[in-house]
Amino acid sequence: MNIGVLALQGDFAEHISVLRKLGVEAHEVRLPQDLEKLDGLIIPGGESTTIGKLAVAYELMEPLKRFGTEKPLWGTCAGAIFLSKDARREQPLLGLMDITVARNAFGRQIDSFETDLDVDVLKRVDENNPPYHAVFIRAPLIESVKGEAQPLATLEDGRVVAAQQGHLLATSFHPELTSDDRFHRYFLHMVDA
Ligand code: GLN
C-alpha cells in the first residue's frame with residue numbers, strides 16, 4: 001500500500017512516522033506527479049490558509065480535487081478544513097466534503113485541549129474499542145454535516161469533531177500526535193476497502 005502525506009506545511013512528518021510504524025510505504029507529496037501511484041492521501045494539521053495558498057502556488061488544487069474524487073483522502077485539523085466545502089471565509093479549499101467548518105472554534109493556542117471520544121467505527125480495527133483520546137490544537141469544529149457526509153465522533157455536548165463521506169475522512173483533532181494508531185488503521189482499512 002502506498003500512502004502519501006501532503007508535505008507543504010504542518011505536521012506531515014508525524015503522519016509519515018505513524019504510517020511507517022504500521023509497515024506502510026509513506027511518501028511526502030509536494031508536486032502533482034507525487035500523487036501518481038498513491039492509494040490514499042493524508043492532509044496534515046498546520047495552518048489551512050498556508051496549505052491552501054501553497055497548494056495554489058504548486059498547482060496542486062486540481063490534481064488534489066481529482067485525487068479526492070477517486071481515492072481515499074483524510075484531512076486532520078487544518079487538513080479537514082482544506083477538504084471542506086465551506087470554512088466561512090475566503091481561502092482556497094478543495095471543497096470535496098459536504099461539511100461546514102468553523103476555524104479555531106475552541107479559541108486560541110492556550111485553549112487547546114484533550115478529551116476522550118467514543119468512536120463507533122473504530123470497532124472495525126479493534127473490537128474492544130476503548131475511548132479514543134483526542135488532541136485538539138486550535139481545532140476547527142465541524143458545524144454542519146450535509147448530503148452524503150456522516151458524523152463519526154462528537155464531543156459530550158454533541159458538537160461534531162469527525163466526519164466521513166464515502167472515501168473521505170475529516171477529523172478536527174490530531175491522531176498523529178498520540179500513540180493510539182486506530183484512526184490511521186481505520187483510514188488504511190478505507191483504502192483497502
Ligand atoms: N487553526 C488552524 C487553521 O485554522 C488549524 C490548526 C491545526 O491544524 N492544528 O487552519
Side-chain angles (χ1 to χ4, degrees), residues 3-19 26 28-30 40-58 60-61 64-65 67-68 72-117 119 132-145 149 151-155 157 159-165 168-184 186-187:
I3 305 292
V5 182
L6 191 64
L8 299 175
Q9 189 265 341
D11 72 338
F12 53 87
E14 283 77 2
H15 276 290
I16 298 254
S17 129
V18 180
L19 291 169
E28 293 183 0
V29 171
R30 290 195 177 81
L41 179 72
I42 298 175
I43 303 179
E47 202 53 50
S48 59
T49 315
T50 310
I51 292 174
K53 283 183 180 163
L54 290 170
V56 170
Y58 288 91
L60 270 162
M61 292 299 283
L64 285 172
K65 283 182 197 169
F67 189 93
L73 194 48
W74 172 22
T76 60
C77 204
I81 298 167
F82 193 44
L83 274 184
S84 75
K85 282 208 168 130
D86 186 0
R88 297 210 275 110
R89 61 171 105 174
E90 257 329 288
Q91 68 183 82
L93 298 175
L94 294 179
L96 290 163
M97 281 187 81
D98 220 349
I99 54 175
T100 301
V101 297
R103 289 181 61 183
N104 305 326
F106 303 97
R108 299 152 54 112
Q109 195 78 22
I110 50 159
D111 301 310
S112 296
F113 65 100
E114 303 186 12
T115 193
D116 284 345
L117 303 173
V119 191
Y132 183 84
H133 191 74
V135 176
F136 294 80
I137 303 168
R138 297 186 67 226
L141 189 65
I142 302 175
E143 275 189 329
S144 72
V145 179
L152 284 194
T154 55
L155 298 172
D157 59 11
R159 290 185 292 172
V160 179
V161 289
Q164 183 170 349
Q165 176 183 319
L168 304 172
L169 179 64
T171 54
S172 298
F173 45 89
H174 286 273
E176 73 285 10
L177 297 183
T178 60
S179 57
D180 189 340
D181 58 13
R182 283 180 288 158
F183 258 97
H184 285 81
Y186 179 69
F187 180 64

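Whatever order the structure lists ligands and atoms in, that order sets their numbers, starting from 1.
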Atom indices of ligand 1 within 4.0 angstrom of E47 heavy atoms, with elements
2 (C), 3 (C), 4 (O), 10 (O)

Residue S48 vicinity, atoms of ligand 1 by number, heavy atom under 4.0 Å:
3 (C), 4 (O), 10 (O)

How does I81 reach ligand 1, if at all, at less than 4.0 Å between non-hydrogen atoms: by side chain, backbone, both, or neither?
side chain

With distance as the sole test, does [X] use its side chain to make a donor-acceptor pair with the main-chain N or O of [Y] at under 3.5 Å?
X: T76; Y: G45; value: yes
X: R88; Y: A102; value: no
X: Q9; Y: E47; value: yes
X: S172; Y: P140; value: yes

Polar atom proximity, [X] to ligand 1 (N or O, under 3.5 Å):
X: G45; value: no
X: R138; value: yes
X: C77; value: no
X: G46; value: yes
X: H174; value: yes

Any idea which heavy atoms bring S84 and V101 closest together, and the distance?
OG-CG2, 3.7 Å

Near Y58 OH, under 6.0 Å, is it more than 12 heavy atoms from other residues, nucleotides or ligands?
no

Does a sphere of radius 6.0 Å around NZ in K85 hold more than 12 heavy atoms from other residues, nucleotides or ligands, not counting ones at 6.0 Å or beyond?
yes

Identify the protein heavy atom lying closest to atom 4 (O) of ligand 1, giving its residue, its atom name and the separation to 0.1 Å.
R103 NE, 2.7 Å

Starting from atom 1 (N) of ligand 1, find the nearest protein heavy-atom neighbour and note its residue, name and distance.
N104 OD1, 2.6 Å

